[in-house]
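Following: one structure in structure tokens, then a few remarks.
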Protein chains: 2
Amino acid sequence: MPTPSMEDYIEQIYILIESKGYARVSDIAEALDVHPSSVTKMVQKLDKDEYLNYEKYRGLILTTQGKKIGKRLVYRHELLEQFLELIGVEKENIYQDVEGIEHHLSWNSIDRIGDLVQYLEKTPQAIEALKQLHKEADETLK
Amino acid sequence: MPTPSMEDYIEQIYILIESKGYARVSDIAEALDVHPSSVTKMVQKLDKDEYLNYEKYRGLILTTQGKKIGKRLVYRHELLEQFLELIGVEKENIYQDVEGIEHHLSWNSIDRIGDLVQYLEKTPQAIEALKQLHKEADETLK
DNA sequence: AAAAAATGTTATAATCGTCATATACTATAT
DNA sequence: ATATAGTATATGACGATTATAACATTTTTT
């Protein structure tokens with residue numbers, strides 16, 4: 001099992017490869033806002049654990065395992081963003097919150113949140129009701 | 001701002017004091033499943049940061065700050081448990097998931113989840129719809 | 001009140017992920 | 001082909017948390 005930090009790297013590497021075809025150390029460092037030296041170290045670990053194959057100075061590719069996991073991690077991330085957005089969390093909190101919680105939810109919870117998102121998307125009245133509750137709570141504060 | 005680990009301690013100490021009137025090092029250690037020496041160290045830090053007053057070998061009490069924060073942390077924990085339960089997450093995953101995510105959600109997200117829980121409690125059809133979606137997903141797997 | 005048991009503390013070390021610095025390698029431009 | 005700029009690595013350190021083991025204090029038992 002990858003640690004939370006390893007998951008961050010795998011997820012980001014997957015996204016980079018999807019979008020631009022490769023993932024260099026410096027791309028990863030920039031995307032995750034860490035130092036290149038940290039990337040090198042982590043990438044070596046991910047190679048050892050067979051999430052990717054890494055040739056130093058040359059590049060890296062995800063293994064079958066790595067790709068499979070990366071894909072799920074990206075799905076999970078997007079689902080959670082969608083969820084928080086639907087229930088009315090402010091944009092500026094969403095990214096950080098998802099970043100924090102994504103590594104700590106069982107797939108069971110993710111699946112149930114998936115259903116919930118599906119429900120909320122199909123049920124505009126629900127969203128309306130939530131907005132109403134939010135407004136009421138705000139007024140009470142005055 | 002307390003770190004996640006500090007929050008765990010404050011929350012647990014608050015619960016212990018609520019339920020049995022005091023919180024000894026060994027109680028805290030048992031509740032959090034860490035060694036007593038770790039508790040001592042953390043409690044010293046929490047004393048330094050004024051979440052509690054600690055006299056070695058004798059005991060500790062929460063400061064006004066500590067109590068206030070403890071209360072919010074317990075509320076947050078219970079809300080998240082309630083949320084996961086309502087959407088149908090299995091009992092055996094709930095505790096650990098909440099333990100993992102509670103420290104990583106903004107109060108904005110917590111408030112919106114609070115509204116959502118209120119909505120779900122008032123709207124049994126929503127729960128029914130979720131159960132239905134869950135069942136369908138299960139059947140698709142067959 | 002002394003001995004034994006229980007509880008709490010300290011010192012030291014390990015782990016994880018990070019950064020900083022110095023060094024090594026690669027690619028580009030001339 | 002060489003110099004240079006850009007990129008990657010190795011090494012060592014640190015901050016946060018935990019554990020181990022030795023030690024100190026308090027409580028209980030006799």
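Residue numbers start from 1 in every chain, and the chains themselves are labelled A, B, ... in the order their sequence lines are given, proteins ahead of strands.
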Subject >> Side chain B/R76, main chain B/E102, donor-acceptor under 3.5 Å >> reply: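 Such a contact is found between B/R76 side chain and B/E102 backbone.
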Describe the nucleic acid contact of [X] in one word from base, sugar-phosphate, nothing, applying a heavy-atom distance below 4.0 Å.
| X | result |
| --- | --- |
| A/T40 | base |
| A/K56 | sugar-phosphate |
| B/S26 | sugar-phosphate |

Check whether any side-chain nitrogen or oxygen of [X] sits under 4.0 Å from OP1 or OP2 of [N], and answer yes or no.
| X | N | value |
| --- | --- | --- |
| B/R24 | C/dG8 | yes |
| A/Q44 | D/dA8 | no |
| A/S37 | C/dT18 | no |
| B/K41 | D/dA16 | no |
| B/R58 | D/dT27 | yes |
| B/Y9 | D/dT18 | yes |

Original post:
So do B/L86 and B/V117 actually touch side chain to side chain, heavy atoms under 4.5 Å?
Top reply: yes
Subject >> Nearest heavy-atom neighbours spanning B/I10 and B/P2 >> reply: CD1-CB, 4.4 Å
**OP:** On DNA chain C, check which nucleotide each of A/S38 and B/V39 is closest to and give me the residue with the more 5' one.
**Re:**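 With A/S38 and B/V39 compared, the 5'-side residue is B/V39.
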Subject >> Closest to the A/S5 side chain, choosing from C/dG8, C/dT10, C/dT18 >> reply: C/dT18
